[in-house]
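Here the structure is laid out as C-alpha cells; the discussion comes afterwards.
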Amino acid sequence: MSDPDELYKLTADADGVPEGLHLIMGLTGFADAGGAVAQFTDYLLTTLDHTVVASFDTDTLLDYRARRPIIYFDQDHLTNYQPPSLQLYLARDEIGQPFLFLTGFEPDFRWEQFTAAMLQLVDRFTISSTTWVHAIPMPVPHTRPIGVTVSGNRSDLIENRSVWRPHTQVAANVLHLLEFRLQERGASTVGYVLLIPHYLGDTEFPAAALSALESTSASTGLIFPTDRLREANREFVARIDEQVQSNPELAKLVGTLEQRYDAYMEGSTLRSPLTDEDGELPSADEIAAELENFLALRRSRDDGAIS
C-alpha cells in the first residue's frame with residue numbers, strides 16, 4: 001500500500017486545530033435515500049463557520065467517468081468547472097463548539113490507503129470520537145419518526161436509539177471500513193443508518209437531514225440550528241399528505257406501513273417495523289412498483305410536485 005499521507009494535503013489552518021475534537025463524516029456517492037447526507041452536509045456548510053484543514057487528492061480517488069463533473073456552457077465558451085472535492089473542515093456549532101467535519105465524494109479507489117490516511121488524521125488531531133451518517137430506503141411511513149440503525153461501539157446509543165438490529169450482509173461503503181478499523185483500535189465510533197420511507201427515496205426529504213442532525217447531536221453533544229429545516233419539512237409533509245389523500249392506493253400503502261410500525265413499537269411479536277404480517281420484507285419488485293406509482297402521481301401533478 002502506498003504512503004497514506006500522499007493522499008491529502010494539510011492547510012496552514014491545520015496547526016490551529018485543538019486536540020480531542022469530535023469528527024463527523026458524511027460522504028455522497030453511495031445510497032442516500034431522501035437526500036439525507038447531501039442535505040445534512042450542505043446544511044452544516046451553509047449555516048456554520050468552517051475552514052478547510054485538509055484536502056484529498058481527487059484525481060487519485062475519484063472515477064470521473066462514473067461521476068462526471070459539471071461544466072457550464074455559456075453560449076459559445078465553457079466556464080465554471082468545479083470538480084468534486086473531498087475535504088476535512090474545522091467547524092463550529094451554534095454555540096461555538098469546534099469539531100472536525102469530513103465531507104465530499106466517497107472515494108472510488110484506494111479504500112485501504114484512504115482509511116489509513118483517515119486513521120493518520122485521527123491520530124494527528126487526537127480525535128475523541130467519530131460519527132458518520134448514511135441513509136437507505138425502507139418500507140416505513142413518513143407519518144412516523146425516522147428510525148435509525150446504530151453501529152459501532154457506543155452501547156448507550158445502540159440501546160437508546162437503534163430501532164432495527166438485523167443480522168445481514170450489506171454492500172459496504174468506505175466509512176463502513178473506517179468504522180471497522182476504528183473498532184479494531186478500540187476507538188469511540190458510531191454510524192447511523194437512517195431508515196427513509198422508500199416512496200420518498202429519490203426526493204430531498206427535510207426530515208432525513210433533521211434526523212441526521214439530531215443523531216449527530218446525540219453522539220457528540222454539538223448543537224445545530226434547525227429552524228429552517230423544520231419549516232421546510234412542515235411544507236414538504238403537507239404536500240405529501242395532500243398527494244396521499246388524493247390517491248387511494250398510496251393512502252392504503254401508508255396506512256399499512258403505519259400499522260406495522262405502530263405494532264412493532266408497541267412490543268408486537270413482529271420482528272421489525274419493516275415486515276408484513278407473515279414476517280416477510282416486501283420484495284424489491286413490490287417496493288419498485290409502489291415507488292413507480294408514487295412517482296407517476298408526482299409527474300401528473302405539476303402544481304404539487306415535490307422537488
Side-chain angles (χ1 to χ4, degrees), residues 8 11-14 16-18 21-56 58 62 67 69-72 79-107 121 125 127 130-135 146 148 173 175 191-192 194 196 200-239 305-307:
Y8 65 90
T11 70
D13 291 317
V17 175
L21 299 184
H22 298 291
L23 170 60
I24 298 171
M25 300 176 289
L27 304 181
T28 58
F30 188 53
D32 188 22
V37 175
Q39 291 183 91
F40 168 68
T41 57
D42 180 69
Y43 194 76
L44 290 182
L45 291 178
T46 56
T47 58
L48 302 180
D49 292 334
H50 59 276
T51 185
V52 176
V53 296
S55 295
F56 284 86
T58 300
L62 180 69
R67 288 184 279 181
I70 301 299
I71 192 167
Y72 185 72
T79 64
N80 195 30
Y81 171 66
Q82 294 184 342
S85 64
L86 176 55
Q87 296 180 312
L88 181 66
Y89 297 89
L90 173 64
R92 295 184 180 276
D93 73 356
E94 192 170 26
I95 60 174
Q97 298 179 97
F99 65 96
L100 288 170
F101 181 39
L102 177 74
T103 186
F105 63 88
E106 180 192 8
L121 291 169
F125 296 121
I127 297 298
T130 62
T131 297
W132 69 284
V133 296
H134 70 122
I146 290 176
V148 180
N173 69 41
L175 294 183
Y192 293 109
L194 311 181
I196 306 301
L200 300 180
D202 75 329
T203 70
E204 289 193 353
F205 187 19
L210 281 168
S211 181
L213 290 169
E214 291 166 355
S215 297
T216 300
S217 291
S219 56
T220 64
L222 296 168
I223 307 298
F224 303 115
T226 60
D227 289 347
R228 179 161 57 88
L229 269 179
R230 293 186 188 280
E231 178 60 29
N233 190 58
R234 283 190 288 269
E235 295 175 359
F236 183 95
V237 170
R239 296 199 301 272
I306 303 162
S307 59

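The minimum heavy-atom distance linking S215 with V148 is given by the pair OG-CG2, 4.0 Å. Nearest heavy-atom pair, L62 versus P84, reported as atom, atom and distance to 0.1 Å: CD2-CG, 3.7 Å. A pairwise comparison of heavy atoms in A209 and F40 identifies CB-N, 4.1 Å as the closest pair. S219 and H22 make their closest contact through O-CE1, 4.4 Å (heavy atoms, listed as atom of the first residue, atom of the second, distance). Closest non-hydrogen pair, R67 versus G29, comes out as NH1-CA, 3.4 Å. Nearest heavy atom pair, residue S55 against residue V52, reads OG-CG1, 3.6 Å.
Partners of T47 under the side chain to side chain donor-acceptor pair (under 3.5 Å) rule, at least two apart in sequence or in another chain, do not exist in this structure. Evaluation of the side chain to side chain donor-acceptor pair (under 3.5 Å) rule for D227 yields no partner, not counting sequence neighbours. Under the side chain to side chain donor-acceptor pair (under 3.5 Å) criterion, D13 pairs with T51, not counting sequence neighbours. Take Y8 and apply the ring-ring contact (aromatic ring centres under 6.0 Å, His included) test, not counting sequence neighbours, and it matches F56. Listed by chain and residue number, F236 satisfy the ring-ring contact (aromatic ring centres under 6.0 Å, His included) test with F205 (two or more places apart in sequence, or in another chain). Applying the side chain to side chain donor-acceptor pair (under 3.5 Å) criterion to T11, with sequence neighbours excluded, gives no partner residue.
Atoms CD1 and CG, on I146 and L200 in that order, are 9.0 Å from each other to the nearest 0.5 Å. Rounded to the nearest 0.5 Å, atoms CD1 (I95) and CG (D93) are 5.0 Å apart. Taking CD from E106 and CG from N173, the interatomic distance works out to 4.5 Å, rounded to the nearest 0.5 Å. Atom-to-atom distance recorded for D42:CG and T103:OG1 is 9.0 Å, nearest 0.5 angstrom. Atoms OH and CG, on Y43 and L229 in that order, are 4.5 Å from each other to the nearest 0.5 Å. Between the OH atom of Y192 and the NE2 atom of H134 there is a distance of 12.5 Å, given to the nearest 0.5 Å.
No donor-acceptor pair closer than 3.5 Å links the side chain of T130 to the backbone N or O of L23. N233 contributes no side-chain N or O that, together with a main-chain N or O of L210, makes up a donor-acceptor pair within less than 3.5 Å. The backbone N or O of A207 lies less than 3.5 Å from no partner atom in the side chain of S211, so there is not a single donor-acceptor pair. Looking at D49, its side chain never comes within 3.5 Å of a backbone N or O of R92 through a donor-acceptor pair. Under the 3.5 Å distance criterion, the side-chain polar atoms of Q39 are matched with a main-chain donor or acceptor of G34.
Under the 4.5 Å side-chain criterion, counting only non-hydrogen atoms from C-beta, L27 is in contact with L86. Side-chain contact between L90 and L100 is present, with heavy atoms from C-beta onward closer than 4.5 Å. No side-chain heavy atom of P225 sits under 4.5 Å from any side-chain heavy atom of L213.
Y89 and F101 have tilted rings, their planes meeting at an angle from 30° to 60° on a 0 to 90° scale.
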Checklist entry - Can L102 and I24 be said to form a side chain to side chain contact (heavy atoms under 4.5 Å, CB included), step by step? => result CA-CA 6 Å; L102 177 74; I24 298 171; over 6 Å; no
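In this structure, a donor-acceptor pair under 3.5 Å is absent between the side chains of T131 and T220.
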